[in-house]
Amino acid sequence: RVPEHFVLLNGPYGLRPVAIQTSLSPHSPYLIDVVDGRLVMTTEGRVLAEVRFPKTPDYYAKSLPDGKRFLYLAFVKDKPAGALGDQDLMLGELGSKKAKKLADVDSRLDYDPRGYVIYVNDGVLLAHKFDPGKEEMIGDPFPIAEGIPTTGANGAEFSVSHNGILVYHPTGSSGPFELVWVDRTGRELEKVGEPGAYRNIALSPDESRVAYELADARNDNSDVWVYE
């Protein structure tokens, strides 16, 4: 799996649950391992805390229209995290151990219902035609936009809707930003809160609250806030 964050709790220090943002590094002194049947974080052989993973984000795997096959990502064993092409784009099938490599990618993926796989390689947002019948990519990917960074566990800020509309966030847009309600035509309805360095916005299911990460330039830190 490709965790974007995990939770540390309990352990010898009696930690209350705390969410940790993932930053993959082959030089990290911390290791997640299984000790006495428990998933724990260790350093130099010492257990620091128990570890729990949240549900894997759905943008690391995408179901195909037939409902049986799916596209997913797998880290390349012999490449360090963050290296170019450090993930394989794979095709799998429910109820089967069948797995087929389709391409090298640098980021998470999305699937355009018109038959394109969307991903980032070397800072370029690409669309690559996929043939579900032949189970292979067709031709070369074509560029959509440049300057799309990958962050954290190879995340990237782009998304494709069910009707094929694509949105993305290139570099150079450091803010401040405004949170704005818009209708489905893009018409602005209402501003929410004050301008700021907003990131990772998530709306509650009942649309009454919005959670967001707000960067603080004074201490090079960021916090998660909820606006009601």
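The structure displayed is predicted, hence computed values, not measured ones.
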Notebook entry, point to check: Can you find a pair of side-chain heavy atoms, one from Ile148 and one from Val124, that are under 4.5 Å apart?
Noted result: no
Check: Do Val120 and Val105 touch side chain to side chain, with heavy atoms closer than 4.5 Å?
Finding: no
Note to self: Just to verify, which of Asn10, Val7, Ile32 counts as forming a side-chain contact (heavy atoms from CB on, under 4.5 Å) with Val51?
What the structure shows: Ile32
Item checked: Within 6.0 Å of CG in Asp36, more than 12 heavy atoms from elsewhere -> no
Checklist line | Nearest-0.5 Å distance, OG of residue Ser107 to CG of residue Leu73 | finding: 7.5 Å
Notebook entry, point to check: If you look at every heavy atom in Glu136 and Leu102, which pair is closest and at what distance?
Noted result: CA-CD2, 4.2 Å
Item checked: Centroid-centroid under 6.0 Å between Tyr116 and Phe142 rings -> yes
Check: If you measure from the Lys or Arg side-chain nitrogens to the Asp or Glu carboxylate oxygens, is any gap between Glu194 and Lys191 under 4.0 Å?
Finding: no
Next item on the list: Treating Ile, Leu, Val, Met, Phe, Trp and Tyr as nodes and any side-chain heavy-atom pair under 4.5 angstrom as an edge, say whether Trp225 and Val192 lie in one connected cluster.
Entry: yes
Next item on the list: List the steps and the verdict of side chain to side chain contact (heavy atoms under 4.5 Å, CB included) for Leu91 and Leu71.
Entry: CA-CA 5 Å; Leu91 174 67; Leu71 302 170; 3.9 Å; yes
Checklist line | Minimum-distance pair of heavy atoms, taken over all atoms of Pro65 and Tyr111 | finding: CD-CE2, 4.1 Å
Checklist line | CG-CD distance between Leu64 and Glu93, expressed to the nearest 0.5 angstrom | finding: 10.0 Å
Check: Yes or no on salt bridge (Lys or Arg N to Asp or Glu O under 4.0 Å) for Asp206 and Arg209, after CA distance, side-chain angles and deciding distance?
Finding: CA-CA 8 Å; Asp206 63 1; Arg209 295 172 296 169; 5.1 Å; no
Item checked: Heavy-atom closest contact (Pro113 atom, Ser161 atom, distance) -> CD-O, 3.9 Å
Next item on the list: Describe, in one word, how the ring planes of Tyr119 and His128 are oriented to each other, choosing from parallel (under 30°), tilted (30 to 60°) and perpendicular (over 60°).
Entry: tilted
Notebook entry, point to check: Looking at CG of Asp112 and CZ of Phe130, how far apart are the two atoms once the value is rounded to the nearest 0.5 Å?
Noted result: 13.5 Å
Note to self: Run the salt bridge (Lys or Arg N to Asp or Glu O under 4.0 Å) test on Lys98 and Glu135 for me, step by step, so that the C-alpha distance in whole Å, both residues' side-chain angles and the decisive distance to 0.1 Å come before the verdict.
What the structure shows: CA-CA 12 Å; Lys98 174 184 176 182; Glu135 297 188 345; 3.0 Å; yes
Next item on the list: Report whether Leu39 and Tyr13 are members of the same hydrophobic cluster (ILVMFWY, side-chain heavy atoms less than 4.5 Å apart, transitive linking).
Entry: yes
Next item on the list: Taking atom OH of Tyr168 as the centre, report whether more than 12 heavy atoms of other residues, nucleotides or ligands fall under 6.0 Å from it.
Entry: no
Check: Rounded to the nearest 0.5 Å, how far apart are CG of Leu31 and CG of Leu48?
Finding: 10.5 Å
Notebook entry, point to check: Which heavy atom of Gly115 sits nearest a heavy atom of Lys129, and at what distance?
Noted result: O-CD, 3.4 Å
Note to self: Could you tell me if the side chain of Met41 sits less than 4.5 Å from the side chain of Leu8, heavy atoms only?
What the structure shows: yes
Check: Is it the case that more than 12 heavy atoms not belonging to Glu44 sit under 6.0 Å from its CD atom?
Finding: no
Next item on the list: For residues Pro132 and Asp66, determine if any side-chain heavy atom of one lies less than 4.5 Å from a side-chain heavy atom of the other.
Entry: no
Notebook entry, point to check: Do Leu166 and Ile144 have side chains that get closer than 4.5 Å, going by heavy atoms?
Noted result: yes
Notebook entry, point to check: Could you give the distance from CE (Met90) to NZ (Lys100), rounded to the nearest 0.5 Å?
Noted result: 10.5 Å
Next item on the list: Measure across Asn121 and Asp104 and return the closest heavy-atom pair with its distance rounded to 0.1 Å.
Entry: ND2-O, 3.0 Å
Notebook entry, point to check: Is it the case that one hydrophobic cluster holds both Val47 and Leu9, taking links as side-chain heavy atoms less than 4.5 Å apart, direct or via other members?
Noted result: no
Next item on the list: With the side chain counted from C-beta on, respond yes when Val182 and Leu189 share a heavy-atom pair under 4.5 Å apart, and no when they do not.
Entry: no
Notebook entry, point to check: For the atom pair OH (Tyr72) and CG (Leu109), what is the distance rounded to the nearest 0.5 Å?
Noted result: 11.5 Å
Check: Closest heavy-atom contact between Lys62 and Asp110?
Finding: CE-OD1, 3.2 Å
Next item on the list: Flag the pair Leu179 / Tyr212 as yes when at least one side-chain heavy-atom distance between them is below 4.5 Å, and no otherwise.
Entry: yes
Check: Hey, is CG on Asp140 packed in by over 12 heavy atoms from elsewhere, all under 6.0 Å?
Finding: no
Note to self: Just so I know, are the side chains of Glu228 and Ser208 near enough to count as touching, which here means a heavy-atom distance under 4.5 Å?
What the structure shows: no
